[in-house]
Structure formats: C-alpha cells, structure tokens
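Shown next, in structure tokens, is the structure this report addresses.
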Amino acid sequence: MAIGPDGSRLASYRKIHLFDCQGFRESEYIRPAPEPLPVTFSCGGMTFGLMTCYDLRFPELARILADAGAEVLLVCSSWVPGTAKTEQWATLAKARAIENGVYVAAVSQTPPVSIGYSMLIDPLGTVLHSLGTEPATATLDLSPDAVQAARDQFPTWRHHRLP
C-alpha cells in the first residue's frame with residue numbers, strides 16, 4: 001500500500017507472482033491477486049509503479065508499469081537468502097532500471113529473514129545508495145529530468161516492437 005504525505009491511501013497492490021522456489025512455498029500461506037493488475041500512482045510530481053518481491057524476476061511487469069507512465073518502480077521485498085540471491089537481487093533491480101529508464105527503489109527486509117541491501121538505482125543502472133544488512137533508513141531526491149535524460153539517451157521504450 002502506498003500512503004501519501006497527508007496519510008491518505010494513494011494505491012494498493014496485490015502480489016502477482018508467488019515464490020515457490022528453493023524449498024520455499026509461499027503459495028502455502030499467500031494467495032496471489034485474483035487478477036494480475038499493474039498499479040501506478042502519482043505523488044510529488046512523479047509516477048510510481050508497485051511491485052513486490054518475486055515480481056522483480058518478471059520484466060514484463062516492469063515494462064507494463066513503465067508503459068503506464070511509471071518513472072519509479074517501488075519494490076517492497078523479503079528477498080530470502082539462498083544461492084546467489086544477493087547478486088540476483090542487485091542484478092535484477094539494475095536490469096529493470098536500465099531496460100525501462102526508471103528509478104528502482106528496491107527495499108528488502110534485513111537478515112536473518114531476508115538479505116537486506118535495500119537500494120536506490122537510477123535510470124541508467126547506477127546504485128545511488130545502498131543500506132547494507134543493518135536496519136537503516138535514507139532519504140533521497142528523485143528527478144523526473146533524470147528519467148527523461150536516460151530515456152532520451154537510450155530510447156528502448158520507443159524502439160520496443162514486441163507485444
């Protein structure tokens with residue numbers, strides 16, 4: 001759920017993809033959204049798209065959100081530890097930023113439940129800030145101009161020809 005500066009609900013999102021991998025069976029206690037609907041909302045002059053955890057592994061959702069106007073993808077996660085999971089977390093978040101020309105704010109719960117490494121990635125794939133494995137917070141500024149500059153430099157979203 002996204003909450004605005006005044007405390008009002010801006011949007012809510014139901015997880016589309018359930019993590020049934022590496023011996024973990026999310027489907028045993030979570031139901032996916034009845035309909036896989038992408039969710040965007042505007043706040044502070046920018047448009048945000050919502051994703052949750054395992055959704056990060058599905059590039060088509062990020063593309064749909066970007067096509068719907070998202071300039072920032074918000075990924076809330078409990079990215080569980082496992083083989084190469086920290087590297088995959090960073091690589092997938094960077095890929096979603098680069099291929100869509102968007103910021104990615106990827107937030108993961110800290111150990112021992114999850115891997116941590118919450119990060120903000122710019123539209124060219126540079127990690128602007130990472131929080132590591134200890135609980136922490138950060139406040140960072142986003143620029144719609146950076147999104148436009150990245151999309152002008154690499155206009156893949158305009159060149160995209162497949163459905």
Side-chain angles (χ1 to χ4, degrees), residues 1-4 7-43 46-123 125-140 142 157 160 162-163:
M1 182 177 306
I3 305 296
S8 66
R9 181 191 306 189
L10 299 175
S12 59
Y13 173 73
R14 291 284 311 272
K15 188 172 186 175
I16 294 172
H17 304 98
L18 300 183
F19 186 71
D20 286 351
C21 306
Q22 296 184 312
F24 199 82
R25 301 260 326 138
E26 200 169 51
S27 62
E28 290 180 4
Y29 56 92
I30 295 176
R31 290 189 186 131
E35 293 186 40
L37 300 173
V39 174
T40 62
F41 67 93
S42 293
C43 183
M46 293 188 80
T47 302
F48 297 81
L50 298 178
M51 301 174 76
T52 302
C53 206
Y54 192 48
D55 289 337
L56 189 60
R57 292 184 181 270
F58 297 85
E60 61 274 15
L61 177 56
R63 173 62 64 170
I64 289 167
L65 292 167
D67 286 347
E71 299 161 295
V72 183
L73 300 179
L74 301 177
V75 185
C76 180
S77 180
S78 179
W79 200 266
V80 296
T83 305
K85 292 290 292 290
T86 301
E87 293 81 5
Q88 292 170 15
W89 169 248
T91 300
L92 291 167
K94 289 176 187 179
R96 299 301 83 88
I98 293 165
E99 64 201 11
N100 294 293
V102 296
Y103 286 100
V104 173
V107 179
S108 177
Q109 184 178 2
T110 58
V113 175
S114 301
I115 64 163
Y117 294 104
S118 297
M119 64 188 111
L120 177 65
I121 302 162
D122 79 6
T126 301
V127 176
L128 299 176
H129 195 77
S130 179
L131 294 179
T133 59
E134 296 298 318
T137 60
T139 301
L140 302 155
L142 306 178
W157 60 280
H160 189 255
L162 298 173

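Side-chain contact between Met46 and Tyr103: present, with at least one pair of heavy atoms (C-beta onward) separated by less than 4.5 Å. A heavy-atom distance below 4.5 Å is not found between the side chains of Phe48 and Thr40. Contact check for Met119 versus His129: no side-chain heavy atoms found under the 4.5 Å cut-off. For the pair Leu18/Pro32, a side-chain contact is recorded, criterion being any heavy-atom separation below 4.5 Å from C-beta on. The shortest side-chain heavy-atom distance between Leu56 and Arg96 falls under the 4.5 Å cut-off. Residues Ser12 and Val39 fail the side-chain proximity criterion, which asks for heavy atoms closer than 4.5 Å. Within the 4.5 Å cutoff, side-chain heavy atoms of Cys53 are placed close to those of Lys15.
The distance from the CE atom of Met1 to the SG atom of Cys76 is 12.0 Å, given to the nearest 0.5 Å. If you take CG on Leu140 and CG on Leu128, they are separated by 7.5 Å, rounding to the nearest 0.5 Å.
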What pairs of donor and acceptor atoms, side-chain ones from residues 61-75 against any protein atom, are under 3.5 angstrom apart with sequence neighbours left out?
from  : atom 1 : to     : atom 2 : distance (Å)
Arg63 : NE     : Asn100 : OD1    : 3.4
Arg63 : NH2    : Glu99  : O      : 3.1
Glu71 : OE1    : Thr47  : N      : 2.8

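When all heavy atoms of Gly116 and Pro111 are compared, the pair lying nearest together is N-CD, 4.0 Å. Shortest non-hydrogen contact noted between Pro36 and Ile16 is CB-CG2, 3.7 Å.
Atom CD of Glu35 sits in a sparse spot, with 12 or fewer heavy atoms from other residues, nucleotides or ligands closer than 6.0 Å.
Judged by distance alone, the side chain of Asp20 and the main-chain N or O of Ser27 form a donor-acceptor pair under 3.5 Å. Side-chain N or O atoms of Lys85 include one that pairs as donor or acceptor with a backbone N or O of Val80 at under 3.5 Å. In this structure, Thr91 contributes its side chain and Glu87 its backbone to a donor-acceptor pair below 3.5 Å. A donor-acceptor pair under 3.5 Å links the side-chain atoms of Arg14 to the main chain of Arg31, judged by distance alone. Side-chain atoms of Ser77 come within 3.5 Å of backbone atoms of Trp79 as a donor-acceptor pair (strictly under, hydrogens ignored). Judged purely by atom type and a 3.5 angstrom limit, Ser118 uses its side chain to pair as donor or acceptor with the backbone of Ser108.
Pairs of residues two or more places apart, or lying in two chains, that qualify as side chain to side chain donor-acceptor pair (under 3.5 Å) and include a residue from residues 50-62 are Tyr13-Asp55, His17-Asp55, Arg57-Gln88.
Under the side-chain contact (heavy atoms from CB on, under 4.5 Å) test applied with Leu120, the options Leu131, Leu142, Val104 reduce to a single match, Leu142.
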